[in-house]
Engineer: 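There's a structure below that I have some questions on.
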Amino acid sequence: MENAKRNRDHYSRAASLCYDLNRLPAWKRAPFVSRLIAAAKDGDAKLRNILTDPSLLTADRSSGIGKLYPDSHDFDVLNIAKEANDYCRKRWGISIKTALAANCPVQIVAEPEADFHGPIKESHWQRLKREGRLGFRPQPITGNYDWRDLARAMRDPGWGRYWHGDDATARVGDR
């Protein structure tokens, strides 16, 4: 039971890290991965286990564990261990396991946060907000409905449980 919980926590954290990474803009991904590697190097054992997990590093892209991300149609999406390994290979020419080892030949430091210089594409919702077409529009007050009458109109079979005898006598007195 303990092993199952540990595995579930391990892979759910890996999935959430992958989700967070792939939701970032492209220019923020490298600093994010470098901060993860630096944190794993500085002593975060659970993160180090995720980044050096052999089943994640050798997983096929078509398998569920190879992606760990809800967008299964995009083949460019890798799991977090593969992303970190790819980052280490491009940046220092070593694997993630070598980078996190005690006798690493290079100094592992986190990259500074990158600033994007250039046009940022405006989203559909940002454009609607800028044009004033998105926002709070007051709705007309339609009246105060008795929710028991609505339940009966919707043919809710349990509407009777909301009916009280006091309401029945009040309704008879209103007629």
Engineer: Using the side chain to side chain contact (heavy atoms under 4.5 Å, CB included) definition, which of the options N85, D20, D53, I50 pairs with I80?
Structural biologist: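 Exactly one option meets the side chain to side chain contact (heavy atoms under 4.5 Å, CB included) with I80, and it is I50.
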Engineer: Applying side-chain hydrogen bond (donor to acceptor under 3.5 Å, both in side chains), can you list everything that pairs with T58, at least two apart in sequence or on another chain?
Structural biologist: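 Result, side-chain hydrogen bond (donor to acceptor under 3.5 Å, both in side chains) vs T58: none returned.
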Engineer: Quick one: list whatever passes side-chain hydrogen bond (donor to acceptor under 3.5 Å, both in side chains) with D9, sequence neighbours left out.
Structural biologist: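 In terms of side-chain hydrogen bond (donor to acceptor under 3.5 Å, both in side chains), with neighbours along the sequence ignored, D9 is linked to K5.
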Engineer: Suppose we screen for side-chain hydrogen bond (donor to acceptor under 3.5 Å, both in side chains). Which residues come up paired with R8, at least two apart in sequence or across chains?
Structural biologist: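 Counting only residues at least two positions away or on another chain, R8 forms no side-chain hydrogen bond (donor to acceptor under 3.5 Å, both in side chains).
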Engineer: Using the salt bridge (charged side-chain N to carboxylate O under 4.0 Å, His left out) criterion, which residues pair with R29? Sequence neighbours excluded.
Structural biologist: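 Scan of R29 (salt bridge (charged side-chain N to carboxylate O under 4.0 Å, His left out), adjacent residues dropped) gives none.
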Engineer: Please list all pairs meeting ring-ring contact (aromatic ring centres under 6.0 Å, His included) that have one or both residues in residues 35-59, counting only residues at least two apart or in different chains.
Structural biologist: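 Sorted result for residues 35-59: empty, none.
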Engineer: Could you tell me which residues satisfy side-chain contact (heavy atoms from CB on, under 4.5 Å) with A110, sequence neighbours excluded, listed by chain and number?
Structural biologist: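 For A110, the residues satisfying side-chain contact (heavy atoms from CB on, under 4.5 Å) (neighbours in sequence not counted) are S34, R35, A38.
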Engineer: Kindly state each residue pair satisfying salt bridge (charged side-chain N to carboxylate O under 4.0 Å, His left out) with at least one member in residues 96-112, sequence neighbours excluded.
Structural biologist: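 Found R91-E111.
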Engineer: With sequence neighbours left out, write down each residue that passes side-chain contact (heavy atoms from CB on, under 4.5 Å) with K46, or none if nothing qualifies.
Structural biologist: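 Scan of K46 (side-chain contact (heavy atoms from CB on, under 4.5 Å), adjacent residues dropped) gives R13, D44.
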Engineer: Given side chains that start at C-beta, do those of C88 and L100 come closer than 4.5 Å, heavy atoms only?
Structural biologist: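 Heavy-atom side-chain distance check fails, nothing below 4.5 Å.
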Engineer: How close do A59 and N79 get, heavy atom to heavy atom, and via which atoms?
Structural biologist: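 Taking every non-hydrogen atom into account, CB-ND2, 4.3 Å.
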Engineer: Sub-3.5 Å donor-acceptor pair from the side chain of D86 to the main-chain atoms of K82, do we have one?
Structural biologist: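 Checking the backbone N and O of K82 against the side chain of D86, no donor-acceptor pair under 3.5 Å is found.
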Engineer: Measure the shortest side-chain to side-chain distance between R89 and S95 over non-hydrogen atoms and say whether it is less than 4.5 angstrom.
Structural biologist: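 Result yes, sub-4.5 Å side-chain heavy-atom pair found.
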Engineer: Side chains of Y11 and S55: donor-acceptor distance under 3.5 Å anywhere?
Structural biologist: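 Yes, a side-chain donor-acceptor pair sits under 3.5 Å.
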Engineer: Who passes ring pair (Phe, Tyr, Trp, His ring centres under 6.0 Å) against Y87, sequence neighbours left out?
Structural biologist: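 Y87: ring pair (Phe, Tyr, Trp, His ring centres under 6.0 Å) contacts with W92.
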Engineer: In chain order, what residues pass the side-chain contact (heavy atoms from CB on, under 4.5 Å) check against A84, with sequence neighbours excluded?
Structural biologist: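 With neighbours one apart ignored, the set is V33, I37, L51, I96.
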Engineer: Measuring from atom CZ of R6 to atom CG of N3, what distance do you get when rounded to the nearest 0.5 angstrom?
Structural biologist: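 Reported value, rounded in 0.5 Å steps: 4.5 Å.
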Engineer: Using the test side-chain hydrogen bond (donor to acceptor under 3.5 Å, both in side chains), find all partners of N49 that sit at least two apart in sequence or belong to another chain.
Structural biologist: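 Scan of N49 (side-chain hydrogen bond (donor to acceptor under 3.5 Å, both in side chains), adjacent residues dropped) gives none.
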Engineer: Nearest heavy-atom pair of I108 and A99: which atoms, and what distance?
Structural biologist: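 Heavy atoms only, the tightest pair is CG1-O, 3.8 Å.
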Engineer: So how far is it from R48 CZ to D42 CG, rounded to the nearest 0.5 Å?
Structural biologist: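 So the CZ of R48 and the CG of D42 are separated by 10.5 Å.
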